[in-house]
S.K.: 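Sharing a structure here in structure tokens format.
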Amino acid sequence: MDGEDQDLLKPLLRRGARRALRDEGDGVLSVLPEEGAASAGRFEGLYGPLYDRVIQSDRLRRLAPLAYGPAGPLPDLDGFARQVAEATESGVGDAPPILLDVPCGGGTLLPRLRAEGYAGVVVESDLGVAMLRRAARVRDELADGATVLLRADAQDLPLADFTVDAAVSLNGLHCMPDPRAFVESLARVVRPGGRLFLITLVSGGTRRADLSILGGRVTGIIPTAPPDRPTLVRWLRDAGWQDIEPLGGEGLVGYAAARGA
Ligand SMILES: C[S@@+](CC[C@H](N)C(=O)[O-])C[C@H]1O[C@@H](n2cnc3c(N)ncnc32)[C@H](O)[C@@H]1O
């Protein structure tokens, strides 16, 4: 299985990264110098499992509007996964499509994508070792041979240019120290015509969301203030994303977009 994972991932990597690919245990692959060299911050401690518990519970997640105000696609994550599953198509004939889920955390989206009929390859990527180990358990429970786990910094992905057919990011952008670099990194690896689906907190959306952001900043969960909606849309456009479509929400928002040529 581990060898098969490497065979699946290697062709997607930048040339220099292929040689560095190794298994860090539990099927988590990495090209980073050594475990712990780069850190995903608070998610490696107690907050990670707590976050997973809340986000993966349909009952708790439906309370998101209490914390953020209108929360876009978040309360109906199955509907969001359906949208991603239906829109992710291969750019190469009969080859299976490739979807990047980043940061994947503890694998929240994976079972939903499979339940909604997505049968292609999934690259589950995150910087957090503990988060990825939980995503590995989710994958193993699904006996999912078409999913690989990649530990990487999402702001500087080791994937080659234009290698994936779509990227999905749930609550990731606002956890990045450099959210603009994250948007650019996604635009580099998604092929022209490929898709992006994004859910993130934004600044200046609602008072409640701004308070949540402040709480996240104080506790170190949110490393820098996320952009407001116009700034995020401008970053997306500047990075090469087109047909930018809001998916609802005010403080916690969703966007879909297509990669320009
Ligand atoms: C709020 S969680 C979202 C995870 C997942 N999408 C979900 O909703 O279950 C944010 C994730 O970002 C990861 N993360 C933080 N900084 C990162 C970076 N520079 N590169 C990749 N992942 C990072 C954390 O490890 C954490 O799993």
Side-chain angles (χ1 to χ4, degrees), residues 24 28-32 35-58 60-61 64 67-68 71-78 80-81 84 99-113 122-139 147 149-159 166-186 188-189 196-202 209 212-213 215-217 219-224 226 249 251-255:
E24 288 190 337
V28 175
L29 303 177
S30 173
V31 299
L32 294 172
E35 191 168 315
S39 160
R42 299 304 298 269
F43 287 92
E44 288 303 272
L46 287 178
Y47 181 69
L50 185 66
Y51 172 81
D52 282 358
R53 179 68 59 89
V54 173
I55 196 79
Q56 292 172 10
S57 155
D58 291 340
L60 294 176
R61 207 181 47 256
Y68 308 120
L74 190 78
D76 179 17
L77 217 44
D78 294 328
F80 178 69
V84 178
L99 172 65
L100 172 66
D101 173 14
V102 62
C104 66
T108 302
L109 284 176
L110 184 60
R112 291 176 169 79
L113 290 163
V122 181
V123 179
E124 291 274 280
S125 186
D126 200 284
L127 190 57
V129 180
M131 299 302 271
L132 276 166
R133 296 242 153 98
R134 283 194 292 280
R137 283 203 288 279
V138 171
R139 177 187 72 163
T147 291
L149 302 154
L150 171 64
R151 194 167 80 83
D153 185 342
Q155 303 157 121
D156 182 22
L157 289 161
L159 301 173
V168 60
S169 181
L170 167 61
N171 285 344
L173 182 137
H174 63 256
C175 294
M176 299 292 148
D178 187 344
R180 187 171 195 169
F182 174 59
V183 165
E184 291 169 352
S185 182
L186 295 178
R188 187 183 62 73
V189 301
L196 171 66
F197 292 89
L198 186 67
I199 296 178
T200 181
L201 279 167
V202 287
S212 298
I213 290 169
R217 300 274 288 118
T219 50
I221 292 162
I222 297 180
T224 187
L252 188 73
V253 296
Y255 282 99

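Numbering of ligands and ligand atoms starts at 1, following listing order.
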S.K.: Taking Thr147 for its side chain and Arg139 for its backbone only, find out whether a donor-acceptor pair lies under 3.5 Å.
M.R.: no
S.K.: Please examine the side chains of Leu196 and Leu186, heavy atoms only from C-beta on, and report whether any two atoms are closer than 4.5 Å.
M.R.: yes
S.K.: Compare all side-chain heavy atoms of Val123 with those of Asp101 and state whether any distance is below 4.5 angstrom.
M.R.: no
S.K.: What atoms of ligand 1 come within less than 4.0 Å of a heavy atom belonging to Gln155?
M.R.: 19 (N)
S.K.: Given side chain to side chain donor-acceptor pair (under 3.5 Å), test Gln155 with Ser185 step by step and report yes or no.
M.R.: CA-CA 6 Å; Gln155 303 157 121; Ser185 182; over 6 Å; no
S.K.: N/O of Leu170 under 3.5 Å from N/O of ligand 1, yes or no?
M.R.: yes
S.K.: Below 3.5 angstrom, do we get any N/O pair linking Asp52 and ligand 1?
M.R.: no
S.K.: Which atoms of ligand 1 sit under 4.0 Å from any heavy atom of Asp153?
M.R.: 18 (C), 19 (N), 20 (N)
S.K.: With sequence neighbours left out, write down each residue that passes salt bridge (charged side-chain N to carboxylate O under 4.0 Å, His left out) with Asp78, or none if nothing qualifies.
M.R.: Arg112
S.K.: Between the side chain of Ser212 and the main-chain N/O of Ala67, is any donor-acceptor distance below 3.5 Å?
M.R.: yes
S.K.: May I ask you to say whether Glu184 pairs ionically with Arg180, meaning some side-chain N is under 4.0 Å from a carboxylate O?
M.R.: yes
S.K.: Please identify which atoms of ligand 1 are closer than 4.0 Å to at least one heavy atom of Ala152.
M.R.: 20 (N), 21 (C)
S.K.: So if I count the atoms of ligand 1 from 1 in the order they appear, which ones are less than 4.0 Å from some heavy atom of Pro103?
M.R.: 4 (C), 5 (C), 6 (N), 11 (C), 12 (O), 13 (C), 22 (N)
S.K.: Which pairs of donor and acceptor atoms, one on a side chain in residues 45-53, lie under 3.5 Å apart (sequence neighbours left out)?
M.R.:
unit_1	atom_1	unit_2	atom_2	d
Tyr51	OH	Asn171	ND2	2.9
Asp52	OD2	Arg134	NE	2.7

S.K.: Any N or O on Thr108 sitting closer than 3.5 Å to an N or O of ligand 1?
M.R.: yes
S.K.: Are any of the N/O atoms in His174 less than 3.5 Å from those in ligand 1?
M.R.: no
S.K.: Using a heavy-atom cut-off of under 4.0 Å, does the side chain or the backbone of Ser125 touch ligand 1, or both, or neither?
M.R.: neither
S.K.: Would you say Arg217's side chain and Pro223's backbone share a donor-acceptor pair under 3.5 angstrom?
M.R.: yes
S.K.: Touching ligand 1 at all, Gly172? Heavy atoms, strictly under 4.0 Å?
M.R.: no
S.K.: Show which atoms of ligand 1 fall inside a sub-4.0 Å distance from at least one heavy-atom site of Asn171.
M.R.: 1 (C), 2 (S), 3 (C), 10 (C)
S.K.: Any N or O of Leu127 that comes nearer than 3.5 Å to an N or O of ligand 1?
M.R.: yes
S.K.: With respect to Met176, determine whether any N or O atom, backbone or side chain, lies less than 3.5 Å from an N or O atom of ligand 1.
M.R.: no
